[in-house]
Amino acid sequence: MSEPRSIALIGMMGAGKSTLAPLVAAELKLDWIDIDAQIEARLGKSIVSIFAEDGKEHFRDLESEQLAQSLAKSPAVIATGGGCVLRTKNRDLLAGCRCAYLELPDHELIRRIGDGGNRPLLDANQLSDQISQLLAERTSIYRQLADCTVRIDKPEAPQDTCRRIVAALA
Ligand code: S3P
């Protein structure tokens, strides 16, 4: 039998990765890890402050370190940040996981993100353009990494999305 592997939830900001990771983990009786929350706890400051004070590249370094550390532990459900897939090194690590891609169209991402508050890459006045651009840059990367894709076109209770993720992974 093959070794159990971690499950990584991948997808854009607003897809619900942080909300869904504990739900999926509870269903599968695994631990869960939220990469952004771990970085915030380690540095004692918010992702917004890290971007503002230390810069995006430093945040990306921390994200890579945290991903590697998380994957060195026992298999868990991992909520990645939306940009975690951008570095080759991270993609190589994620290729060793089972990646569940949460795919949402731009209108549903915009509805969920709202005013963009607390998201350093987004500005409420340009949200629509920024989301479209990020989707254009990232969708093919998410799809390439995905072992399964759960499409969320409209509002859905997290428990229902969780059930669909678990079914897609089965
Ligand atoms: C980012 C997504 C964020 C966070 C950071 C950068 C991105 O995580 O890691 O603001 O580049 O898409 P969420 O996807 O959990 O919002």
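For reference, positions follow the sequence shown, starting with 1.
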Minimal non-hydrogen separation, Ala15 against Leu20, with atom names: O-CD1, 4.2 Å
Close side-chain approach of Cys97 to Arg5, heavy-atom, < 4.5 Å: no
Set of side-chain contact (heavy atoms from CB on, under 4.5 Å) partners for Glu108, sequence neighbours left out: Leu104, Pro105, Arg111, Arg112, Pro155
Nearest-0.5 Å distance, CH2 of residue Trp32 to OG of residue Ser70: 11.5 Å
Candidate list Ile10, Asp31, Asp34, Leu71, test side chain to side chain contact (heavy atoms under 4.5 Å, CB included), partner Ile78, passing option: Leu71
Gap separating the CG atom of Leu102 from the CD1 atom of Ile152, nearest 0.5 angstrom: 5.0 Å
Test salt bridge (Lys or Arg N to Asp or Glu O under 4.0 Å) applied to Glu27 - qualifying residues, sequence neighbours left out: none
N-O pairing of Lys17 and Asp36 below 4.0 Å: no
Working for side chain to side chain contact (heavy atoms under 4.5 Å, CB included), residues Val77 and Ile33: CA-CA 6 Å; Val77 179; Ile33 295 171; over 6 Å; no
Asp106: salt bridge (Lys or Arg N to Asp or Glu O under 4.0 Å) partners, not counting sequence neighbours: none
Where Leu30 and Pro75 come nearest, the two heavy atoms and their spacing: CD2-O, 3.7 Å
Shortest non-hydrogen contact from Gly82 toward Tyr142: O-OH, 2.5 Å
Minimum-distance pair of heavy atoms, taken over all atoms of Thr80 and Ile35: CA-CG1, 4.2 Å
Atom pair SG/CG of Cys99 and Asp147 - distance to nearest 0.5 Å: 6.0 Å
Pairs touching residues 159-170 that satisfy side-chain hydrogen bond (donor to acceptor under 3.5 Å, both in side chains), sequence neighbours left out: Glu156-Thr161, Glu156-Arg164, Asp160-Arg163
Full working for side chain to side chain contact (heavy atoms under 4.5 Å, CB included) between Ile110 and Ser128: CA-CA 7 Å; Ile110 291 163; Ser128 176; 4.0 Å; yes
Non-hydrogen atoms of Leu122 and Met13 that approach each other most closely: CD1-SD, 3.8 Å
Ile165 CD1 to Cys148 SG distance, which is reported to the nearest 0.5 Å: 8.0 Å
Any pair counted as salt bridge (Lys or Arg N to Asp or Glu O under 4.0 Å), so long as it reaches residues 65-82, sequence neighbours left out: Arg42-Glu65
Salt bridge (Lys or Arg N to Asp or Glu O under 4.0 Å) contacts in which one or both residues fall within residues 83-104, not counting sequence neighbours: Glu57-Arg87, Asp61-Arg87, Glu103-Arg143, Glu103-Arg151
Between CE on residue Met12 and CD on residue Glu137, distance to nearest 0.5 Å: 9.0 Å
Leu121 side chain near Gln130 side chain, heavy-atom distance below 4.5 Å: no
NZ (Lys45) with more than 12 external heavy atoms under 6.0 Å: yes
Under 3.5 Å side-chain donor-acceptor pair for Gln126 and Asp123: yes
Closest non-hydrogen atom pair, Cys84 against Leu94: O-CD1, 4.5 Å
Rounded distance [0.5 Å steps], CZ in Phe59 versus CD1 in Ile39: 4.5 Å
hydrophobic_cluster_shared for Val48 and Leu43, side chain cutoff 4.5 Å: no
Derivation and outcome, side chain to side chain contact (heavy atoms under 4.5 Å, CB included), residues Val85 and Asn90: CA-CA 6 Å; Val85 300; Asn90 296 355; over 6 Å; no
